[in-house]
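What follows is one structure encoded as structure tokens, with my remarks underneath.
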Amino acid sequence: YLYKHIFSPRVPGLAFVGSEVTTFNNILTHFLQAQFLAAVLSGAVVLPSREEMESEITRVKKWKRSFLAETPTLANQIQLHQQSYHDELMKALGLCPKRKSNPVAEWLSPYTAVDYKDVVVGAVRV
């Protein structure tokens, strides 16, 4: 397990983008992870302490084990919670996770990569 599915709390400076997560829109997920990593590397986002990261990992493990069968790939399974994960990364970047133009669309329209077009053009720069 990795903090935010990216960072190893036990090996400072070690990060993985796209290897510890599987979603229905992997390209978008990996892009948001890369944006988050870039923000950390630039100093725009500061990671919590090792203890705080490990505590968060423990919380996520417990949560996942409450509804998923134990498998070797349990750590990376977030398909059904993809939007929550994307929202979590957006909030960590200091960006609004609500990407739709109106509240009705926010509730009824599925999210796609085009909803993140302003992030793609460089909301986070290094």
Side-chain angles (χ1 to χ4, degrees):
Y1 283 82
L2 299 171
Y3 177 71
K4 301 249 187 254
H5 298 279
I6 303 170
F7 299 96
S8 171
R10 295 183 182 181
V11 184
L14 182 63
F16 300 89
V17 171
S19 67
E20 192 58 37
V21 65
T22 179
T23 66
F24 294 115
N25 192 343
N26 281 333
I27 293 171
L28 173 60
T29 301
H30 301 166
F31 169 76
L32 292 173
Q33 286 184 321
Q35 289 292 99
F36 188 68
L37 174 58
V40 169
L41 293 175
S42 73
V45 171
V46 177
L47 292 175
S49 69
R50 175 182 172 174
E51 294 76 22
E52 290 170 308
M53 287 192 279
E54 288 179 346
S55 176
E56 175 65 10
I57 289 169
T58 299
R59 186 192 66 74
V60 169
K61 278 183 185 178
K62 183 177 179 182
W63 171 70
K64 284 185 177 186
R65 288 176 179 156
S66 73
F67 63 90
L68 290 172
E70 186 68 34
T71 68
T73 60
L74 183 61
N76 70 354
Q77 300 296 316
I78 62 168
Q79 283 102 340
L80 299 177
H81 303 281
Q82 163 186 300
Q83 195 57 53
S84 294
Y85 179 60
H86 291 173
D87 289 352
E88 181 182 329
L89 291 175
M90 292 294 289
K91 289 176 189 173
L93 287 167
L95 301 172
C96 181
K98 294 184 188 233
R99 313 307 299 164
K100 300 292 184 180
S101 59
N102 67 64
V104 175
E106 196 61 49
W107 280 95
L108 300 176
S109 297
Y111 271 86
T112 64
V114 75
D115 294 310
Y116 296 86
K117 65 182 178 246
D118 65 321
V119 177
V120 172
V121 296
V124 176
R125 297 187 191 279
V126 291

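Between the side chain of Ser109 and the main chain of Glu106, no donor-acceptor pair closer than 3.5 Å is present. Counting only distance, with no hydrogens or angles, the side chain of Gln33 and the backbone of His5 share a donor-acceptor pair below 3.5 Å. For the pair Ser55 (side chain) and Glu51 (backbone), a donor-acceptor distance under 3.5 Å is absent.
Enclosure of atom CD1 in Ile27 is not indicated, since only 12 or fewer non-hydrogen atoms of other residues, nucleotides or ligands lie within 6.0 angstrom.
Residues passing the side chain to side chain contact (heavy atoms under 4.5 Å, CB included) test with Ser101, sequence neighbours excluded: none. Evaluation of the salt bridge (Lys or Arg N to Asp or Glu O under 4.0 Å) rule for Lys100 yields Asp115 as partners, not counting sequence neighbours. Residues satisfying the ring pair (Phe, Tyr, Trp, His ring centres under 6.0 Å) test with Phe7, not counting sequence neighbours, are Phe36.
Salt bridge status for Glu56 with Lys4: absent, with no side-chain N to carboxylate O gap under 4.0 Å.
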Discussion item. Set out, in order, the CA-CA distance, both residues' side-chain angles and the distance that settles side-chain contact (heavy atoms from CB on, under 4.5 Å) for Tyr116 and Met90, then state yes or no.
Written reply: CA-CA 10 Å; Tyr116 296 86; Met90 292 294 289; 4.0 Å; yes
Item to complete: Start with the C-alpha gap between Glu88 and Lys91, add the side-chain angles, then the distance that decides, and say whether salt bridge (charged side-chain N to carboxylate O under 4.0 Å, His left out) holds.
Response: CA-CA 5 Å; Glu88 181 182 329; Lys91 289 176 189 173; over 6 Å; no
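Across all non-hydrogen atoms, the minimal contact from Gly43 to Val46 is O-CG2, 4.4 Å. Minimum interatomic distance between Leu95 and Val119 (heavy atoms only, all atoms of both residues): CD1-CG2, 4.0 Å. The minimum heavy-atom distance between Leu93 and Ala39, with the atom names listed, is CD2-CB, 3.6 Å. Scanning both residues, Pro9 and Ile57, for their nearest heavy atoms gives CG-CD1, 3.6 Å. Scanning both residues, Ala92 and Val45, for their nearest heavy atoms gives O-CG2, 3.4 Å. Nearest heavy atom pair, residue Val104 against residue Asn102, reads N-OD1, 3.0 Å.
Taking CD of Glu54 as the start and NZ of Lys61 as the end, the distance is 9.0 Å to the nearest 0.5 Å. The structure places CG of Leu89 at 9.5 Å from CG of Leu28, a figure rounded to the nearest 0.5 Å. To the nearest 0.5 Å, atoms CD (Gln82) and OG1 (Thr29) are separated by 5.0 Å.
The hydrophobic cluster containing Phe16 also contains Val11, counting ILVMFWY residues as joined when their side-chain heavy atoms lie under 4.5 angstrom apart, directly or transitively.
Between His86 and Tyr111, the distance separating the two ring centers is not shorter than 6.0 angstrom.
Residues Leu32 and Tyr85 fail the side-chain proximity criterion, which asks for heavy atoms closer than 4.5 Å. In this structure the side chain of Arg99 never reaches within 4.5 angstrom of the side chain of Lys117, judged on heavy atoms.
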